[in-house]
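Positions are given from 1 along the sequence.
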Amino acid sequence: MANKNRILNRSYIMQIAQSFSTPFTAKDIVEKIDADGNHLGVTTVYRTLNEFVNDGLLRKTLGENGSATFIYLDNCPNENHVYLECLGCHRIFHVDCRHFNGFKKHAARKHGFDISTFQMTIPGYCAECQGLHHV
């Protein structure tokens, strides 16, 4: 029975993770679970989110204070993931990975470095926030 509950918990946590369009924390997941009238401990949620990172379903970043944030990796047909992160509203925008192949070629040609895969987040301001931050 414990294995069945574990599978149900994983499915439930992934469903909630997929609902976020911006980075989220384990605490954010726990709050949504509690709001649904259910309960899972933050340790269980955090461990499950890390399993999803290891499975390649989520990306994990550590903030300046060491807190972990996660983002669901959508169904990009490429193993490379490039994101634009708005410093104003904190939304994350996925960029078509093919546009960055030129950089991979540059790194090989000019620096003798063969990039196998990459994940990068480029900070800046989205169109909506540019006017607010006078960019």
Side-chain angles (χ1 to χ4, degrees):
M1 185 61 123
N3 193 33
K4 183 179 179 184
N5 285 340
R6 185 180 180 311
I7 292 169
L8 289 173
N9 288 345
R10 279 180 56 92
S11 176
Y12 185 42
I13 291 168
M14 178 51 74
Q15 179 182 4
I16 294 172
Q18 290 171 328
S19 73
F20 285 95
S21 60
T22 59
F24 57 88
T25 65
K27 184 179 175 186
D28 294 329
I29 297 280
V30 169
E31 288 173 359
K32 282 203 170 203
I33 291 170
D34 288 345
D36 287 346
N38 297 308
H39 178 75
L40 280 176
V42 70
T43 303
T44 299
V45 171
Y46 189 78
R47 183 177 55 245
T48 303
L49 293 174
N50 280 314
E51 289 173 4
F52 291 149
V53 169
N54 292 335
D55 293 343
L57 301 170
L58 299 178
R59 184 172 59 91
K60 177 181 176 180
T61 57
L62 295 176
E64 292 178 12
N65 62 0
S67 63
T69 59
F70 301 86
I71 188 163
Y72 173 68
L73 297 175
D74 56 5
N75 295 323
C76 178
N78 196 319
E79 59 190 8
N80 302 318
H81 296 280
V82 179
Y83 295 91
L84 305 177
E85 180 177 8
C86 181
L87 298 171
C89 64
H90 305 290
R91 286 183 296 169
I92 301 272
F93 304 90
H94 184 261
V95 177
D96 186 349
C97 304
R98 295 183 307 252
H99 296 292
F100 286 85
N101 286 336
F103 178 72
K104 287 175 73 171
K105 291 175 185 174
H106 167 80
R109 189 174 54 251
K110 296 289 184 179
H111 304 285
F113 192 83
D114 181 24
I115 298 173
S116 57
T117 64
F118 55 87
Q119 294 183 21
M120 92 176 99
T121 302
I122 302 169
Y125 292 94
C126 71
E128 293 176 18
C129 292
Q130 286 175 23
L132 299 173
H133 295 277
H134 308 291
V135 176

Tell me, do N50 and K60 make a side-chain contact under 4.5 Å, heavy atoms counted?
yes
In this structure, OG1 of T44 is separated from CZ of R10 (nearest 0.5 Å) by 12.5 Å
How long is the straight-line distance from CZ of F52 back to CG of L49, given to the nearest 0.5 Å?
7.0 Å
Separation between CD1 of I16 and OG of S11, rounded to the nearest 0.5 Å:
10.0 Å
Ignoring hydrogens and geometry, is there a side-chain-to-backbone donor-acceptor pair from D28 to T25 under 3.5 Å?
yes
Measuring from atom OH of Y12 to atom CG of N38, what distance do you get when rounded to the nearest 0.5 angstrom?
4.0 Å
Would you find more than 12 non-hydrogen atoms of other residues, nucleotides or ligands less than 6.0 Å from E31 atom CD?
yes
Consider only side-chain N and O atoms of Q18 and Y72, and report whether a donor and an acceptor are under 3.5 Å apart.
yes
As a quick check of understanding, evaluate side-chain contact (heavy atoms from CB on, under 4.5 Å) for D55 and M14, giving each step before the final call.
CA-CA 12 Å; D55 293 343; M14 178 51 74; over 6 Å; no
Cation-aromatic face contact K32/F24, 6.0 Å, 45 degrees
no
Using 0.5 Å steps for rounding, measure from the OG1 atom of T48 to the CD1 atom of I29.
10.0 Å
Please assess V53 against R59 for the test side-chain contact (heavy atoms from CB on, under 4.5 Å), listing each intermediate value before the final yes or no.
CA-CA 6 Å; V53 169; R59 184 172 59 91; over 6 Å; no
Please report the shortest heavy-atom distance between C86 and C126, naming the atom on each side.
SG-N, 3.4 Å
Could you give the distance from CG (L40) to CD1 (I13), rounded to the nearest 0.5 Å?
5.0 Å
